[in-house]
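Presented below is the structure to which this report refers.
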Number of protein chains: 2
Amino acid sequence: MKALKYSRQRESIKEFLADRRDHPTADTVYMNIRKLYPNISLGTVYRNLSLLASLGEIRKVSCGDGVERFDPNIVPHYHFVCRECGCVQDIPMEPLDGLETMASKGFAGAIDGHTALFYGVCNACRNKEDQ
Amino acid sequence: MKALKYSRQRESIKEFLADRRDHPTADTVYMNIRKLYPNISLGTVYRNLSLLASLGEIRKVSCGDGVERFDPNIVPHYHFVCRECGCVQDIPMEPLDGLETMASKGFAGAIDGHTALFYGVCNACRNKEDQ
DNA sequence: ATTTGTGCAAAAGCTTTGCAAGGAA
DNA sequence: TTCCTTGCAAAGCTTTTGCACAAAT
């Protein structure tokens with residue numbers, strides 16, 4: 001395997017992501033990093049996000065809207081997706097232990113992980129509707 | 001709203017999907033329907049799959065591989081995704097009742113649905129490795 | 001000096017859409 | 001006739017990639 005060299009672009013992507021709880025898309029990352037490094041390219045953002053994800057430093061999250069999101073929290077957890085605004089939030093709940101064993105019953109294959117997505121309308125959207 | 005008119009293309013898409021347990025992609029549907037209607041276009045396939053999904057006759061399934069899949073089974077259920085070949089299978093397990101209530105605890109928003117994806121290696125792939 | 005990372009632009013996938021022609025009601 | 005659906009092609013979006021140059025070791 002190849003050695004990893006320092007890059008301030010990668011570093012700033014990591015730092016930017018670390019503070020975010022909203023699971024930004026590659027484009028959001030790009031738009032924000034550009035404030036600091038106006039010449040950074042979208043390709044570089046994608047390359048680094050992929051790299052960081054494969055290193056296990058961040059996590060790629062698919063929420064079914066055709067765009068990948070990135071999460072600095074690598075501890076297993078569930079997500080909520082708002083049907084109206086599409087925002088993604090963490091669910092304050094421990095992942096169910098033993099769910100994989102349960103799912104394995106009568107299933108032809110070896111299960112070793114799971115994710116869950118919850119759907120609904122976020123509070124911000126509900127407040128808007130009330131008015 | 002607009003009235004729905006019969007189309008043999010849509011009908012054949014529905015029939016094709018009805019027999020499948022493997023959650024085909026739009027392209028797979030297209031390739032297969034073409035055997036019957038060689039002039040059908042990919043756009044028509046996409047339009048009808050979207051329409052059928054919005055009518056609730058089929059279900060769009062996102063499995064995190066950047067491609068949408070389509071499922072004739074509209075009853076809520078969980079899916080398994082093979083890490084090696086990417087195949088998608090149904091999990092023989094009832095969706096957990098009360099999971100949404102559990103997830104709602106301490107969460108800012110109204111939850112009214114959920115999906116779950118299980119990961120692992122399917123039997124077909126495991127058998128290949130053994131040899 | 002060597003090897004990795006970047007910026008730019010082009011290309012690649014998947015999906016959607018505009019439009020004129022065809023088909024159902 | 002009226003309105004829906006189709007085929008075709010173009011466009012849209014997100015993501016990946018080739019390449020020459022820049023930066024790190």
Side-chain angles (χ1 to χ4, degrees), chain A residues 1-17 22-55 57-71 81 86 88, chain B residues 1-17 22-55 57-71 81 85-88:
Chain A
M1 57 173 147
K2 62 182 175 184
L4 203 61
K5 286 184 182 173
Y6 171 89
S7 110
R8 52 191 181 178
Q9 288 91 335
R10 185 184 315 129
E11 217 50 36
S12 76
I13 289 174
K14 240 160 71 174
E15 277 173 38
F16 168 74
L17 223 41
D22 62 344
H23 315 78
T25 64
D27 199 65
T28 302
V29 173
Y30 172 59
M31 290 305 190
N32 279 275
I33 302 294
R34 252 202 330 185
K35 294 174 189 166
L36 204 61
Y37 299 103
N39 292 322
I40 197 174
S41 76
L42 191 51
T44 296
V45 171
Y46 272 105
R47 267 185 296 239
N48 278 305
L49 288 171
S50 285
L51 178 58
L52 291 170
S54 72
L55 291 176
E57 301 196 28
I58 63 175
R59 192 141 187 167
K60 199 187 267 198
V61 179
S62 301
C63 296
D65 58 351
V67 195
E68 296 297 332
R69 293 167 177 280
F70 297 89
D71 190 342
V81 182
V88 177
Chain B
M1 58 172 144
K2 63 180 176 185
L4 203 61
K5 284 184 183 172
Y6 172 87
S7 111
R8 53 190 181 178
Q9 288 90 337
R10 176 158 59 239
E11 217 50 35
S12 76
I13 290 173
K14 239 159 74 173
E15 277 173 38
F16 168 73
L17 223 42
D22 62 343
H23 314 78
T25 64
D27 200 64
T28 302
V29 174
Y30 172 60
M31 291 306 190
N32 280 276
I33 301 294
R34 250 198 337 181
K35 295 173 188 166
L36 204 60
Y37 299 103
N39 291 321
I40 196 173
S41 76
L42 192 51
T44 295
V45 171
Y46 272 105
R47 266 185 299 239
N48 279 305
L49 288 171
S50 286
L51 178 58
L52 291 170
S54 71
L55 290 176
E57 300 197 27
I58 63 175
R59 192 142 188 166
K60 200 187 266 198
V61 180
S62 302
C63 296
D65 58 350
V67 196
E68 296 297 333
R69 293 167 177 281
F70 297 88
D71 190 344
V81 181
C85 67
C87 74
V88 176

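In what follows, chains carry the letters A, B, and so on, assigned in the order in which the sequence lines appear, proteins first and then strands, with residues in each chain numbered from 1.
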Considering all heavy atoms of both residues, which atom of [X] and which atom of [Y] are nearest to each other, and what is their separation?
| X | Y | answer |
| --- | --- | --- |
| B/V29 | B/P24 | CG2-CB, 4.1 Å |
| A/F70 | A/I58 | CD2-CD1, 3.9 Å |
| B/R69 | B/C63 | CD-SG, 4.1 Å |
| A/I33 | A/F16 | CD1-CB, 3.7 Å |

Could you tabulate the donor-acceptor pairs under 3.5 Å formed by side-chain atoms of residues 36-46 of chain B, not counting sequence neighbours?
unit_1 : atom_1 : unit_2 : atom_2 : d
B/S41  : OG     : B/T44  : N      : 3.3
B/S41  : OG     : B/T44  : OG1    : 3.2

- Would you say the side-chain atoms of A/R10 pair up with the backbone N or O of A/K5, donor to acceptor, closer than 3.5 Å?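 Side chain of A/R10 to backbone of A/K5: a pair is present.
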- Message: Between P on C/dT6 and CD1 on A/I33, what's the gap in Å once rounded to a whole number?
- Response: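 So the two atoms are 12 Å apart, to the nearest Å.
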- Provide, to the nearest angstrom, the distance between the CG atom belonging to A/L49 and the P atom belonging to C/dT6.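 Rounded to whole Å, this separation is 11 Å.
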- Message: I need a per-nucleotide contact map over nucleotides 15-25 of chain C, read 5' to 3'. Cutoff is protein heavy atoms under 4.0 Å; write B for the base, S for backbone only, - otherwise.
- Response: BBBB----BBS
- Query: Going 5' to 3' on DNA chain D, which nucleotide is the first and which the last to come under 4.0 Å of a heavy atom in chain B?
  - Reply: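 Boundary nucleotides touching chain B, in 5' to 3' order, are D/dC3 to D/dC8.
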- Looking at A/D27, A/N32, A/T28, which hits side-chain contact (heavy atoms from CB on, under 4.5 Å) with A/Y30?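 Testing each of A/D27, A/N32, A/T28 against A/Y30, the sole residue satisfying side-chain contact (heavy atoms from CB on, under 4.5 Å) is A/D27.
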- Query: So, B/E68 versus B/S62: side-chain donor-acceptor pair below 3.5 Å or not?
  - Reply: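 On atom types as modelled, these side chains qualify, holding a pair under 3.5 Å.
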